[in-house]
Amino acid sequence: MKQVLAIYPGSFDPVTNGHLDLIERGAKIFDRLIVGLLRNFDKEPLFSLDERVEMLREVVRPWPNVEVEVFSGLLVEYAKLREANVILRGIRAVSDYEYELQMALMNRKLHPGLETVFMMPALSYSYLSSRLVREIAQLGGSIKGLVPPVVEDRLRAKVL
Ligand code: PNS
């Protein structure tokens, strides 16, 4: 039987409950799931790469078939290296679709053997994004219920 290895790529700055919802769904239908954290030299993140890896490793602990890894460069090259069959991406609303379609089709052009699979997070997370979570925390708003408790603590400490 063919084993399906999926990569769920992103910046995860920070990981939110929406990401976790998708990880839980992905862990159920794929044999293995790698959460691929992009090392992006262009962006100035709120959390360092090491901090994001630590938080991700802590929150994915309940799923034995989920791992966290850092990658740099092209996603398709990383997928080839890991011999992954699937890229997992979340679509929250129609507004995500255009960008996601463009990336999925470009990735298919670069690596035709790799399939992008889209999953929808729970409706209650459809308005949630890492960017808004960072902004709310930095402006002193409540992020309770939007991120896992470990992230909430770290965010609070970061913006104090
Ligand atoms: O957290 P994000 O910003 O939604 O994640 C975007 C990500 C990491 C999936 C995308 O930027 C990516 O794949 N970057 C790696 C470089 C690459 O392969 N670029 C070409 C994409 S078609």
Side-chain angles (χ1 to χ4, degrees), residues 4-27 29-30 32-60 63 66-138 143 146-148 150-152 154-155 158-159:
V4 181
L5 167 60
I7 296 177
Y8 178 37
S11 320
F12 304 102
D13 186 30
V15 59
T16 67
N17 285 344
H19 294 130
L20 267 193
D21 180 283
L22 220 73
I23 290 170
E24 184 172 13
R25 288 170 201 280
I29 65 164
F30 302 117
R32 283 175 59 211
L33 180 67
I34 299 179
V35 179
L37 179 50
L38 175 67
R39 184 193 299 272
N40 191 343
F41 297 103
D42 302 337
K43 271 195 196 166
E44 186 59 57
L46 178 63
F47 287 100
S48 72
L49 204 61
D50 286 347
E51 287 174 313
R52 283 178 278 156
V53 169
E54 277 169 27
M55 290 186 280
L56 275 168
R57 292 220 163 114
E58 181 153 352
V59 299
V60 305
W63 299 285
V66 179
E67 305 153 58
V68 177
E69 278 188 2
V70 173
F71 78 100
S72 42
L74 279 179
L75 176 59
V76 291
E77 293 304 324
Y78 172 60
K80 277 183 202 163
L81 194 76
R82 282 277 160 265
E83 298 183 11
N85 335 68
V86 166
I87 297 298
L88 171 65
R89 291 287 289 173
I91 291 203
R92 291 163 296 190
V94 175
S95 49
D96 283 337
Y97 179 72
E98 228 172 295
Y99 170 61
E100 293 299 334
L101 179 72
Q102 190 183 16
M103 271 206 304
L105 293 179
M106 185 58 86
N107 283 333
R108 178 181 283 167
K109 165 89 182 136
L110 295 171
H111 181 1
L114 187 67
E115 286 300 333
T116 299
V117 170
F118 295 116
M119 293 181 86
M120 282 78 68
L123 195 61
S124 49
Y125 298 130
S126 59
Y127 56 88
L128 180 53
S129 73
S130 296
R131 187 183 63 78
L132 285 181
V133 163
R134 289 196 301 271
E135 188 171 312
I136 291 162
Q138 282 168 327
I143 45 159
L146 302 180
V147 291
V150 58
V151 177
E152 199 181 329
R154 294 239 194 173
L155 262 170
K158 178 92 45 196
V159 301

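Atoms within each ligand, like the ligands themselves, are counted from 1 in listed order. Keep in mind that this is a model prediction, so the values were computed, not measured.
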Side chains of residues 14-24: which donor-acceptor partners sit under 3.5 Å, not counting sequence neighbours?
from	atom 1	to	atom 2	distance (Å)
T16	OG1	G18	N	3.2
T16	OG1	H19	N	3.2
T16	OG1	H19	ND1	3.3
N17	ND2	G145	O	2.8
H19	ND1	T16	N	2.9
D21	OD1	R25	NE	2.6
D21	OD1	R25	NH2	3.4
D21	OD1	A122	N	3.3
D21	OD2	R25	NH2	3.3

- Return the set of residues passing side chain to side chain donor-acceptor pair (under 3.5 Å) with S95 (not counting sequence neighbours), or none when no residue passes. none
- Could you list the atoms of ligand 1 found under 4.0 angstrom from a heavy atom of G73? 15 (C), 16 (C)
- Note on the structure: In this structure, atom 14 (N) of ligand 1 is nearest to the protein heavy atom L38 CD2, 3.7 Å
- Task: For L75, counting its heavy atoms only, list the atoms of ligand 1 lying under 4.0 Å from any of them.
- Result: 13 (O), 17 (C), 18 (O)
- Side chains of R57 and E67 in contact at under 4.5 Å (non-hydrogen atoms): no
- Under 3.5 Å: donor-acceptor pair, side chain of R82, backbone of A6: no
- Task: For ligand 1, note which part of R89 has a heavy atom under 4.0 Å away: side chain, backbone, both or neither.
- Result: side chain
- Can you pull out the closest protein heavy atom to atom 10 (C) of ligand 1? Residue, atom name and distance to 0.1 Å, please. M103 SD, 3.9 Å
- Item | Taking atom 2 (P) of ligand 1 as the reference point, the nearest protein heavy atom with its distance | S11 OG, 3.8 Å
- Protein non-hydrogen atom found under 4.0 Å from atom 12 (C) of ligand 1: no
- Query: Between R89 (side chain) and T116 (backbone), is there a donor-acceptor pair under 3.5 Å?
  - Reply: no
- Does an N or O anywhere in L74 fall below 3.5 Å from an N or O of ligand 1? no
- Task: Examine distances only and state if a side-chain atom of R39 and a backbone atom of L49 form a donor-acceptor pair shorter than 3.5 Å.
- Result: no
- Can you tell me if R52 uses its side chain to pair, donor with acceptor, with the backbone of S11 under 3.5 Å? yes
- Could you check if a side-chain atom of L88 sits within less than 4.5 angstrom of a side-chain atom of M119, using non-hydrogen atoms only? yes
- Task: Mark up the atoms of ligand 1 that fall under 4.0 Å of a heavy atom belonging to M106, in ascending order.
- Result: 22 (S)
- Sub-3.5 Å N/O-N/O distance, Y99 and ligand 1: no
- Closest to atom 22 (S) of ligand 1 among protein heavy atoms sits N107 OD1, 3.5 Å
